[in-house]
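Keep in mind that what you see is a predicted model, and the values were worked out from it rather than measured. Both ligands and their constituent atoms are indexed starting at 1 by order of listing.
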Amino acid sequence: IAELSEAVLTFEQRAVREKKALIYNENDDIIPVMGDKNRLRQVFVNIIDNALKYSDEGGSVTISAIRLENGFVDIVVKDTGIGIHEEDIHKLFKEFQRLDLETNRNIEGTGLGLAITHNLVSMMGGKMEVKSVYGEGTTFTVCLTQKMISGEPIGEFDKNYAKRCRFTN
Ligand code: ATP
Ligand code: MG
């Protein structure tokens with residue numbers, strides 16, 4: 001997914017600086033999805049930002065796009081970070097909610113990122129799922145439900161992307 005690759009790219013230098021591994025399981029072919037390019041990228045950026053922010057040096061953030069059999073795509077962002085207490089999971093998507101304030105006292109944030117992200121994903125007809133083990137890490141899955149424009153590899157990127165995406169811009 002082009003928007004995912006773009007989002008991942010913007011974090012590469014930061015990951016190096018913060019000594020965290022950023023692993024991107026890129027599909028060997030690019031999956032073009034319908035939708036608002038900028039909003040999709042904002043969703044991915046927000047989740048990857050958190051994954052880096054709430055993990056320590058030496059940790060890793062693994063990002064994958066998984067094609068489902070029904071033709072939809074899941075984006076999975078898995079970190080080996082501080083994790084989230086089970087009883088806090090329901091607060092994640094509320095505005096201005098920050099969790100675990102004692103541990104996170106030196107980490108800046110407003111608590112808006114996930115509320116906005118969750119809204120955007122819902123408005124696109126998608127879903128977000130969270131699994132976490134406190135002290136071990138967290139996995140966010142964004143289930144996109146917009147149609148793939150085509151399951152075929154895109155081939156020559158510039159030419160075919162422009163052709164296939166002419167309805168979405
Ligand atoms: P910002 O508005 O800058 O994104 P934020 O990162 O604090 O601020 P959210 O992205 O909405 O806000 O996240 C809400 C809270 O959920 C965070 O403050 C943090 O406590 C917790 N959280 C989010 N993602 C993770 C993660 N990957 N691992 C552990 N905790 C997380
Ligand atoms: Mg955030």
Side-chain angles (χ1 to χ4, degrees), residues 1-27 30-31 33-68 72-146:
I1 296 182
E3 293 76 9
L4 184 62
S5 309
E6 285 164 14
V8 174
L9 253 177
T10 64
F11 287 102
E12 273 183 348
Q13 303 212 3
R14 170 171 157 198
V16 172
R17 237 179 7 250
E18 295 182 359
K19 301 192 170 60
K20 295 162 191 171
L22 189 63
I23 302 156
Y24 180 33
N25 295 321
E26 202 170 357
N27 291 76
I30 291 171
I31 308 168
V33 292
M34 301 279 265
D36 183 324
K37 244 180 118 41
N38 292 323
R39 297 294 185 224
L40 278 170
R41 198 168 42 219
Q42 282 167 350
V43 164
F44 304 146
V45 162
N46 263 296
I47 296 172
I48 300 169
D49 174 56
N50 282 344
L52 283 169
K53 188 152 78 156
Y54 300 106
S55 38
D56 296 317
E57 258 185 42
S60 67
V61 173
T62 307
I63 301 144
S64 323
I66 299 168
R67 263 173 205 272
L68 307 180
F72 297 143
V73 186
D74 274 358
I75 311 299
V76 184
V77 178
K78 181 177 161 61
D79 67 58
T80 58
I82 61 175
I84 299 164
H85 286 293
E86 177 146 22
E87 65 268 25
D88 284 341
I89 296 250
H90 74 279
K91 302 178 192 160
L92 271 177
F93 301 133
K94 295 196 177 135
E95 285 169 26
F96 296 114
Q97 280 280 353
R98 304 203 66 215
L99 313 173
D100 213 5
L101 289 174
E102 186 51 33
T103 311
N104 293 331
R105 65 188 177 280
N106 293 322
I107 302 180
E108 60 209 81
T110 52
L112 283 172
L114 281 179
I116 296 168
T117 304
H118 185 248
N119 257 332
L120 286 175
V121 172
S122 303
M123 286 190 281
M124 292 186 228
K127 273 191 322 195
M128 282 178 67
E129 286 167 6
V130 189
K131 290 214 173 93
S132 191
V133 178
Y134 192 70
E136 287 186 17
T138 305
T139 302
F140 277 87
T141 304
V142 179
C143 315
L144 295 176
T145 56
Q146 54 261 78

>> Closer than 4.0 angstrom, basic N to acidic O: yes or no for Glu3 and Lys37?
In response: yes

>> Closer than 4.0 angstrom, basic N to acidic O: yes or no for Lys127 and Glu129?
In response: yes

Quick one: which ligand 1 atoms are inside 4.0 Å of a heavy atom on [X]?
{"X": "Gly83", "answer": "29 (C)"}
{"X": "Lys53", "answer": "3 (O), 5 (P), 6 (O), 8 (O)"}
{"X": "Leu112", "answer": "2 (O), 11 (O), 12 (O)"}
{"X": "Leu99", "answer": "16 (O), 18 (O), 20 (O), 21 (C)"}

> Quick one: which of His118, Arg98, Lys94, Gln97 has a heavy atom closest to atom 14 (C) of ligand 1?
Replying inline: Gln97

>> Going by the closest heavy atom to atom 13 (O) of ligand 1, which one wins out of Ile47, Thr110, Leu114, Val61?
In response: Leu114

>> For a quick check under 3.5 Å, do Tyr54 and Asp100 share a side-chain donor-acceptor pair by atom type?
In response: no

> Are Ser5 and Tyr24 linked by a side-chain donor-acceptor pair shorter than 3.5 Å?
Replying inline: yes

> Which heavy atom in Thr80 sits nearest to a heavy atom in Ser60, and how many Å separate them?
Replying inline: OG1-N, 2.8 Å

> How far apart are the closest heavy atoms of Gly137 and Ser132, and which atoms are they?
Replying inline: O-OG, 3.1 Å

> What part of Asn104, side chain from CB on, backbone N/CA/C/O, both or neither, has a heavy atom under 4.0 Å from ligand 1?
Replying inline: side chain

> Side chain, backbone, both or neither: which part of Ile107 comes within less than 4.0 Å of ligand 1 when only heavy atoms are counted?
Replying inline: neither

>> Just to check, does Thr138 reach to within less than 4.0 Å of ligand 1 when the distance is taken from its heavy atoms?
In response: yes

>> Regarding ligand 1, does Gly113 bring an N or O atom to under 3.5 Å of one of the ligand's N or O atoms?
In response: yes

>> For atom 25 (C) of ligand 1, what's the nearest protein heavy-atom neighbour? Residue, atom name and distance, please.
In response: Tyr54 CD1, 3.6 Å

>> Once you measure the plane-to-plane angle for Phe140 and Phe93, does it fall in the parallel (<30°), tilted (30-60°) or perpendicular (>60°) bin?
In response: perpendicular

> Does a side-chain heavy-atom distance below 4.5 Å link Lys91 with Leu99?
Replying inline: yes

